[in-house]
2 protein chains.
Amino acid sequence: MPPRSYVSPARSAAAAETRERVIEAASRTLREGESIARFSLDTVAKAAGVTRLTVYNQFGSRRGLLEAVFDEIARHGGLHQLADAMAMADPRAALDRMVEIFCAFWSRDSAVARLHDAMATDPEFAEALRERNERRRRGVTALIDRIAGKGASPQTRKDAVDLIFALTSYPTFALLSTGRSRDEVCRLVQAACRAALAPLINPSS
Amino acid sequence: MPPRSYVSPARSAAAAETRERVIEAASRTLREGESIARFSLDTVAKAAGVTRLTVYNQFGSRRGLLEAVFDEIARHGGLHQLADAMAMADPRAALDRMVEIFCAFWSRDSAVARLHDAMATDPEFAEALRERNERRRRGVTALIDRIAGKGASPQTRKDAVDLIFALTSYPTFALLSTGRSRDEVCRLVQAACRAALAPLINPSS
DNA sequence: AATTAGATATACATAATGTATAGTCAATCC
DNA sequence: GGATTGACTATACATTATGTATATCTAATT
């Protein structure tokens with residue numbers, strides 16, 4: 001006979017709370033730790049005041065926890081502003097705004113640096129993050145299509161998209177951040193992205 | 001009484017040979033493995049036909065082995081051509097050539113991808129690789145100084161240097177390599193670098 | 001009062017790095 | 001030729017992580 005099952009408001013609320021506490025502890029550990037190498041589920045569990053097994057119950061694996069942390073950061077990272085940016089009348093202004101939004105996102109929580117490091121050791125996590133980045137690529141593609149003149153070949157468009165995609169990526173942001181404020185990086189990337197648009201209109205190559 | 005010590009041509013030659021064999025096995029393992037996570041000294045030692053302890057005797061640690069692999073790749077990676085490139089009369093042509101040399105370098109041995117992944121988990125190894133990249137930065141700086149007009153401010157120069165440094169980095173190369181041949185990536189990066197030079201002469205901002 | 005979901009306690013399997021100690025064997029020195 | 005030395009081996013051990021298994025506890029539901 002099948003065991004009767006039921007949903008419990010109080011229980012699932014408590015579970016959700018511990019889940020959030022674990023995510024918070026994990027992102028704090030990522031922020032404060034100097035390397036992803038030191039990031040262990042044991043440390044996180046202790047910081048959250050739970051057992052390591054609870055982490056497994058909630059997230060399934062280390063990878064699951066890391067994805068949950070990234071999604072939590074993304075939720076509060078200001079990416080919802082992208083909708084407004086994409087709706088702007090001037091696609092170049094929209095691109096500038098897009099760069100601004102992503103610079104703010106990359107610099108908001110230093111845990112994102114460690115999460116990108118985690119891509120190196122966990123291919124499936126890397127794939128998961130890459131999929132989340134595809135949204136950025138789609139946004140860039142849409143803007144390029146609006147900016148490009150009729151004469152722009154598909155290859156020229158693809159080049160512009162991929163170049164701007166690379167310029168707005170986290171690795172580029174991190175490389176440019178040595179000795180630069182967030183705003184300074186933003187202006188530099190904006191200038192580079194504008195320069196990358198040139199081949200789309202000027203048919204001189 | 002101090003133990004007498006001596007140098008042994010035959011022994012050090014044999015040691016150098018096993019050292020090379022281990023490096024070769026390590027880079028092969030990195031190339032064939034799908035992730036740095038699977039890269040263990042045990043695997044390398046077996047592939048080289050030696051004991052894991054021999055690896056420790058020769059390289060001290062996992063990090064030491066990885067550095068040795070990178071240096072070996074760099075030695076045969078064509079970076080010596082940089083001297084000729086830097087000696088070119090036209091600094092813009094030199095920059096084009098530089099981009100070419102680095103695109104060839106990044107694409108030559110797929111083990112470099114895994115080595116960059118290793119930066120994520122080993123901060124000291126990351127630092128070691130960063131130092132080796134400083135040579136590229138110095139080269140870019142020298143070219144920018146030759147290209148920049150008198151009116152170019154230090155900040156404008158720094159911006160150009162850092163931007164080109166980022167454009168010629170491995171992460172950028174890897175990001176642009178999806179669906180592009182080495183030469184195509186090279187041309188795209190060259191164009192982006194040329195565009196990054198504009199603020200150096202045109203004082204219109 | 002019985003049941004159930006979430007969390008705990010404890011143990012175990014596996015894999016990796018790194019250290020320690022003793023032993024093997026051929027090249028070198030006297 | 002015999003003692004010594006350097007590279008390598010064999011074996012063992014300590015430590016740290018991830019991930020799985022099993023039994024138990026507790027408070028919320030039925």
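Protein chains get the first letters and strands the later ones, always in sequence-line order, with residue 1 at the start of each.
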remark   = From CD of Glu124(B) across to P of dT17(C) the rounded distance in Å is 16 Å
query = dT17(C) C1' sits how many Å from Arg52(B) CZ, rounded?
reply = 7 Å
key: N/O (side chain, Thr54(A)) to phosphate O (OP1/OP2, dA7(C)) under 4.0 Å   = no
ask   = Can you find a side chain N or O atom of Arg11(B) that sits less than 4.0 Å from OP1 or OP2 on dA7(D)?
value = no
task = Starting from C1' on dT17(C), measure out to CZ on Phe125(B) and report it in whole angstrom.
result = 16 Å
request  = Would you mind reading off the distance between Gln58(B) atom CD and dG18(C) atom C1', rounded to a whole angstrom?
outcome  = 17 Å
note = Separation of dG19(D) atom P from Leu65(A) atom CG, nearest Å, is 11 Å
inquiry  = Taking the minimum atom-to-atom distance to the side chain of Arg62(B), which one of dA10(D), dG19(D), dG18(C) wins?
reply    = dG18(C)
query = Got Leu95(A) and Leu197(A) here, is their nearest side-chain heavy-atom distance under 4.5 Å?
reply = yes
request  = Apply the test salt bridge (charged side-chain N to carboxylate O under 4.0 Å, His left out) to residues Asp162(B) and Lys158(B): give CA-CA distance (whole Å), side-chain angles for both, the deciding distance (0.1 Å), then the verdict.
outcome  = CA-CA 6 Å; Asp162(B) 289 355; Lys158(B) 185 176 185 301; 3.0 Å; yes
request  = Considering just the side-chain nitrogens and oxygens of Thr18(A), establish if one lies under 4.0 Å of OP1 or OP2 belonging to dG6(C).
outcome  = no
task = Starting from C1' on dC8(D), measure out to CD on Glu17(B) and report it in whole angstrom.
result = 14 Å
Between dA15(C) (P) and Lys46(B) (NZ): distance, integer Å = 10 Å
Residue met sooner reading DNA chain C from 5', once Leu53(B) and Ala14(A) are mapped to nucleotides = Ala14(A)
Polar side-chain atom of Arg62(A) near backbone of Phe39(A) as donor-acceptor pair, under 3.5 Å = yes
ask   = Looking at dT20(D), dT29(D), dA9(C), which one has an atom nearest to any side-chain atom of Ala10(A)?
value = dT29(D)
remark   = Nearest-nucleotide check on DNA chain C, Pro9(B) vs Leu41(B); residue mapping nearer the 5' end is Leu41(B)
task = Please report the shortest heavy-atom distance between Ser181(B) and Glu184(B), naming the atom on each side.
result = N-OE1, 2.8 Å
request  = Report yes if some heavy atom in the side chain of Glu32(B) is under 4.5 Å from a heavy atom in the side chain of Arg28(B); otherwise report no.
outcome  = yes
query = Over how many whole Å does the gap from Arg38(A) atom CZ to dA17(D) atom C1' extend?
reply = 13 Å
